[in-house]
J.: 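The structure under discussion is supplied below as structure tokens; questions concerning it will follow.
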Number of protein chains: 2
Amino acid sequence: MSRASYQDIQAEVRRRIQTRVWKPGDTIPTEVDLAKEFNCARATINRALRELAETGLLERRRKSGTRVSLNPMRKATLDIPITRLEIEGRGQTYRHKLLESQQVSAPDALSAEMNLGRSQMLVHLKTLHMADGRPFMYEDRWINPKAARGILRAKLAEVSANEWLVQNVPISHGDIAFQALGADTDQAAALGVTVGTALFIIDRLTWMGTQTVTKVRLAYGPGYRMVTQI
Amino acid sequence: MSRASYQDIQAEVRRRIQTRVWKPGDTIPTEVDLAKEFNCARATINRALRELAETGLLERRRKSGTRVSLNPMRKATLDIPITRLEIEGRGQTYRHKLLESQQVSAPDALSAEMNLGRSQMLVHLKTLHMADGRPFMYEDRWINPKAARGILRAKLAEVSANEWLVQNVPISHGDIAFQALGADTDQAAALGVTVGTALFIIDRLTWMGTQTVTKVRLAYGPGYRMVTQI
DNA sequence: CAGTTTATTATGTGCAGACATAATATGATT
DNA sequence: AATCATATTATGTCTGCACATAATAAACTG
């Protein structure tokens with residue numbers, strides 16, 4: 001057999017699993033053996049198998065070897081949508097409208113969630129994102145000015161809050177949650193649907209170290225689907 | 001500086017991006033330069049940066065180099081929940097009940113979606129998954145017996161359809177979609193909610209080559225959230 | 001000056017060899 | 001038999017080097 005690249009090896013491993021040459025639960029040959037079979041270096045086999053393990057297709061353990069995962073569909077990577085690009089990608093025109101912008105002291109529930117002191121001042125924004133002039137997504141955002149310095153001077157009617165934050169505020173990590181909720185009055189009014197309509201919700205809480213930068217709830221209009229492949 | 005592992009390098013790169021030593025859009029030093037700075041081989045730098053690029057934090061191009069991504073939160077990996085494990089992981093008891101099981105010829109809309117010939121015979125299952133005896137998720141599944149041989153003889157009241165399929169049917173890939181929908185009458189009755197209640201929906205279409213194996217719609221009861229970190 | 005060819009450059013992938021590490025198996029000891 | 005120490009094994013990571021490849025810059029050409 002001629003030389004094989006790590007991608008060729010991945011394809012062949014996938015094929016053997018799909019055709020049940022290697023069945024779920026089976027231990028596959030060692031890297032050394034596979035390197036011999038494919039006439040390549042162990043490092044090449046290692047990379048091929050390591051990446052397959054990252055997708056959940058294989059499970060690897062030192063000493064005991066590499067097994068075909070019992071449940072082959074365990075991890076999906078999905079692209080966090082950037083609203084403007086998502087809309088423009090469909091050939092539609094993107095526009096957003098800042099419906100409301102105020103500074104308020106954080107409600108208690110939010111203080112707890114955002115890890116803030118009592119009555120911390122926050123910037124509260126309500127924005128409607130539109131595709132071809134029609135409501136697409138309603139954004140309810142809280143920003144911690146202690147972490148997002150300069151936000152008070154930013155012209156948020158021109159640049160969207162998200163883009164301003166990305167450009168100006170360092171972040172370390174974020175928590176994301178997806179769920180379905182019935183539209184509340186704000187969401188219903190903004191999106192032009194009746195209260196209680198099922199909406200796809202994305203909550204995102206963004207951190208810099210132990211400090212929260214921003215919490216945002218995105219409420220998508222009816223018909224919205226988030227899609228991925230495995 | 002002493003030797004650094006690829007994970008140390010990743011941590012340091014992350015730190016420099018978070019602290020804005022390297023800002024969004026900046027081009028960072030070349031692999032050769034970083035290898036000198038960190039006193040390690042280029043391959044080590046390559047692995048560190050390649051993996052960061054996979055998460056969307058960096059963007060790499062031959063010749064032009066590696067830049068800090070303008071939008072640092074672009075990809076999230078999320079675990080496809082395995083219902084039984086998800087429930088047991090909360091310390092609750094898992095049970096499922098096969099509500100309905102019949103063989104029917106595929107409706108036209110489904111034939112198109114599942115890439116079937118006209119009036120293809122399908123197995124149609126309705127299952128309720130319960131946590132501590134309370135409704136948790138309602139599953140509506142269509143199985144193509146041409147691709148899932150043996151399904152007609154499987155005892156689906158004992159083993160869940162999903163587990164039977166995983167163990168017995170080879171698959172190549174799948175399409176997954178997430179959305180919010182108001183409960184229909186079946187879902188409402190099974191989950192014990194009123195029609196129209198916002199439900200979190202996962203649709204999954206599973207393929208073996210050009211043939212569809214199974215299409216399933218999972219409707220989660222109110223309060224369900226799918227969570228991930230970035 | 002526009003268009004094409006050629007060189008340059010940073011990343012992409014590969015190799016052989018080495019040592020590290022976690023998990024397991026084996027053997028020794030009580 | 002149960003416990004502990006030791007050897008074995010497969011994967012995990014790293015090195016130093018090489019060549020491939022895509023994207024860009026430079027040189028050339030009409």
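Residue numbers begin at 1 in each chain, while the letters A, B, ... track the order of the sequences.
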J.: Is there a side-chain polar atom (N or O) of A:T66 under 4.0 Å from OP1 or OP2 of D:dT11?
T.: yes
J.: B:N71 side chain to A:V166 main-chain N or O, any donor-acceptor pair under 3.5 Å?
T.: no
J.: I need the CD-P distance between B:E54 and C:dT11, as an integer number of Å.
T.: 16 Å
J.: In whole Å, what is the span from the CG atom of B:N46 to the C1' atom of C:dA10?
T.: 10 Å
J.: For A:G209, is there any backbone N or O sitting under 3.5 Å from a side-chain donor or acceptor partner on A:S172?
T.: yes
J.: Figure out the CD1/C1' separation between B:I28 and C:dA10, and round it to whole Å.
T.: 12 Å
J.: From the set D:dC14, C:dG12, D:dT15, return the single nucleotide nearest to any side-chain atom of B:C40.
T.: D:dT15
J.: Check the phosphate of D:dG12 against A:R60, side-chain N and O only, distance under 4.0 Å to OP1 or OP2. Yes or no?
T.: yes
J.: For A:I9 and C:dC15, what is the distance between atoms CD1 and P respectively, to the nearest whole Å?
T.: 8 Å
J.: When the distance from CG of A:D8 to P of D:dA20 is rounded to whole Å, what number comes out?
T.: 17 Å
J.: Nearest nucleotide by nearest heavy atom, which residue falls closer to the 5' end of DNA chain C, A:K63 or B:A43?
T.: B:A43
J.: Can you check the B:R67 CZ to C:dT9 P distance for me, whole Å?
T.: 21 Å
J.: Return the 5'-most residue of the pair A:V32, B:A41 with respect to DNA chain D, ranking by each residue's nearest nucleotide.
T.: A:V32
J.: May I have the distance from A:E51 (atom CD) to D:dT11 (atom C1'), rounded to whole angstrom?
T.: 16 Å
J.: Which pair of heavy atoms, one from B:W142 and one from B:L110, lies closest together, and at what distance?
T.: CD2-CD2, 3.2 Å
J.: Answer with yes or no whether B:R62 presents, from its side chain, a donor or acceptor under 3.5 Å of a partner atom in the base of D:dT21.
T.: yes
J.: Counting only distance, no hydrogens or angles, is the base of D:dT13 paired donor-acceptor with the side chain of A:R42 under 3.5 Å?
T.: yes
J.: Check the phosphate of D:dC14 against B:S5, side-chain N and O only, distance under 4.0 Å to OP1 or OP2. Yes or no?
T.: yes
J.: In whole Å, I'd like the distance from the CD atom of B:E59 to the C1' atom of D:dA22.
T.: 16 Å
J.: Should we count NZ of A:K146 as having more than 12 external heavy atoms under 6.0 Å?
T.: no
J.: If you assign each of B:R50 and B:G65 to its closest nucleotide in DNA chain C, which residue comes earlier from the 5' end?
T.: B:G65
J.: B:Q7 near the nucleic acid: base, sugar-phosphate alone, or nothing, with a heavy-atom cut-off under 4.0 Å?
T.: sugar-phosphate
J.: Among C:dT24, D:dG12, C:dT13, which nucleotide has an atom closest to any side-chain atom of A:E31?
T.: D:dG12
J.: Has A:R95 got more than 12 heavy atoms of other residues, nucleotides or ligands less than 6.0 Å from its CZ?
T.: no
J.: So does A:R16 pair up with A:E37, basic N to acidic O under 4.0 Å?
T.: yes
J.: With a cut-off of less than 4.0 Å, is there a side-chain N or O of A:T30 near OP1 or OP2 of D:dT9?
T.: no
J.: Please determine if a side-chain N or O atom of B:R61 lies less than 4.0 Å away from the OP1 or OP2 oxygen of C:dA10.
T.: no
